[in-house]
Amino acid sequence: MSLVFGQGGSLRERCEISSVRLSHGEAGYDEGAVLPAGDWRPLNTREAQWFEAEPSTPDSALIQLVRQPLPVMRAEEASDIHATAAGLYPFANRWPADFLGCVTNPGDACTTTEDPATGRRLGLHVDNWDRLPYGARGDGRRRLCLNLGPGIRYFLLGDRDIEEIYRLVHPDPEHHYPHTDDVRRYVTQGRPLQCLRIRLDPGDGYLAPTELLPHDGSTLGGERPSTAAFWLGRWPAGAGTS
């Protein structure tokens, strides 16, 4: 995993790390979902160096912060936020992207992503927009997430990518497609996985390879809901502002 720790270490200052656990009999969650254990602590110097991107890291594998000033909205305009989210794309006229929509999550949620078929939360999972097989997951588009507020939000991500995980749980990985179940199988086998979280204040966002990295969102500790807007695209390393 490669993070771009912008000048001044701003991304590192927003990061904490925790162990993970499996959900068992928890209301609203998939059985066996991978969740942060909650023993959050700051990254130490060695960990920060481990995650920092090398010059040779491809743009498609980078995790970067972005910042987009948000318009001041009156209370009566709040219901229109889904209609106006697409217009907040930070890279208009520079790099095209597909707008995926937005979602509002309540405050103080350990994780946010739900399976639309069941309504249960997934925990750490991998996306599959580009439907890439093993060996090509790093070639997919990155996702942009922008926190529209009003509450705080966190980006959760595992410290192993899905291709490394997949190789360890499948004897013949070339013949299958990586899946969220592989992350769960990996943790069930007692293999090492830690979870990072990056704080996103309103107006903050990230660019990340969500088809390569196990990830989720969180509003844990926040009192107010958070609306997140999402895009898929290909952005150069210099697109991040932090």
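Nothing fancy with the numbering, it's 1 onward along the sequence.
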Tell me whether L212 shares a hydrophobic cluster with V183, the cluster being built from Ile, Leu, Val, Met, Phe, Trp, Tyr side chains joined at under 4.5 Å. yes
Going by an N to O cut-off under 4.0 Å, is there a salt bridge joining D161 and R137? no
Evaluate E114 against R120 for side-chain contact (heavy atoms from CB on, under 4.5 Å), listing each step before the verdict. CA-CA 5 Å; E114 294 182 353; R120 293 192 296 268; over 6 Å; no
Considering all heavy atoms of both residues, which atom of P36 and which atom of T111 are nearest to each other, and what is their separation? CD-CG2, 4.3 Å
Decide yes or no for L196 and D159: does some side-chain heavy atom of the first lie under 4.5 Å from some side-chain heavy atom of the second? yes
Looking at H24 and G32, would you say the former's side chain and the latter's main chain have a donor-acceptor pair under 3.5 Å? no
How many angstroms lie between atom CZ of R141 and atom CG of D127, to the nearest 0.5 angstrom? 11.0 Å
Could you check whether D201 pairs with R199 (Lys NZ or Arg NE/NH1/NH2 to Asp/Glu carboxylate O, under 4.0 Å)? yes
Is V187 reachable from L35 through a run of I, L, V, M, F, W or Y residues, each pair having side-chain heavy atoms under 4.5 Å apart? no
Establish whether Y177 and V126 are linked, either directly or via other cluster members, by ILVMFWY side-chain heavy-atom contacts under 4.5 Å. no
For residues I63 and F230: do they belong to one hydrophobic cluster (side chain heavy atoms under 4.5 Å, members Ile, Leu, Val, Met, Phe, Trp, Tyr)? yes
Does D130 offer a backbone N or O that forms a donor-acceptor pair with the side chain of E211 under 3.5 Å? yes
Quick check for you: to the nearest 0.5 Å, what is the distance between L200 atom CG and N147 atom CG? 6.0 Å
Strictly distance-based, threshold 3.5 Å: is any side-chain N or O of D182 a donor or acceptor partner for the main-chain N or O of Y166? no
Do NZ/NE/NH1/NH2 and the carboxylate oxygens of D30 and R121 come within less than 4.0 Å? no
Smallest separation among heavy atoms of C145 and A228, with atom names: SG-CB, 3.8 Å
Check for a donor-acceptor pair, side chain of S218 on one end and backbone N or O of A109 on the other, with a separation under 3.5 Å. yes
Co-membership, hydrophobic cluster, residues L124 and V169, 4.5 Å side-chain: yes
Under 3.5 Å: donor-acceptor pair, side chain of T227, backbone of L148: no
What pairs with W40 under side chain to side chain donor-acceptor pair (under 3.5 Å), at least two apart in sequence or on another chain? none
From R167 CZ over to R160 CZ, what is the distance, rounded to the nearest 0.5 angstrom? 11.0 Å
Nearest atoms (heavy-atom pairs only) where C195 meets V20: CB-CG1, 3.8 Å
Of all heavy-atom pairs linking R184 and E31, the shortest is NH1-O, 4.2 Å
Just distance, no hydrogens or angles: give the donor-acceptor pairs under 3.5 Å from side chains in residues 87-96, sequence neighbours left out.
unit_1: Y89; atom_1: OH; unit_2: W95; atom_2: O; d: 2.5
unit_1: Y89; atom_1: OH; unit_2: W235; atom_2: NE1; d: 2.8
unit_1: R94; atom_1: NH2; unit_2: P90; atom_2: O; d: 3.2

Can you find a heavy atom in the side chain of W129 that is under 4.5 Å from one in the side chain of L100? yes
Nearest heavy-atom neighbours spanning R14 and L65: CD-CD1, 3.4 Å
Quick check: does any side chain N or O of D108 sit under 3.5 Å from a backbone N or O of G221, one acting as donor and the other as acceptor? yes
Rounded at 0.5 Å granularity, tell me how far CD1 in I165 sits from NE2 in H170. 11.0 Å
Closest approach of P150 and R224, non-hydrogen atoms and distance? O-NH2, 3.1 Å
Nearest-0.5 Å distance that lies between atom CZ in R197 and atom CG in D216: 13.5 Å
Interatomic distance, F99 atom CZ to L232 atom CG [nearest 0.5 angstrom]: 11.5 Å
Verify side-chain contact (heavy atoms from CB on, under 4.5 Å) between F51 and L43, making sure each step is shown before the conclusion. CA-CA 10 Å; F51 293 126; L43 291 179; 4.1 Å; yes
Would you confirm whether N44, through its side chain, and R46, through its main-chain N or O, come within 3.5 Å as a donor-acceptor pair? yes
Any heavy-atom pair between the side chains of D204 and I198 that's under 4.5 Å? no
Residue pair S18 / D39, side-chain donor-acceptor N/O under 3.5 Å: yes
Would one find more than 12 heavy atoms of other residues, nucleotides or ligands at under 6.0 Å from atom CD of E164? yes
Test side-chain contact (heavy atoms from CB on, under 4.5 Å) on H215 and T113; report intermediate values, then the result. CA-CA 10 Å; H215 67 281; T113 305; 5.9 Å; no
Just to verify, what does F155 make a ring pair (Phe, Tyr, Trp, His ring centres under 6.0 Å) with, not counting sequence neighbours? Y206
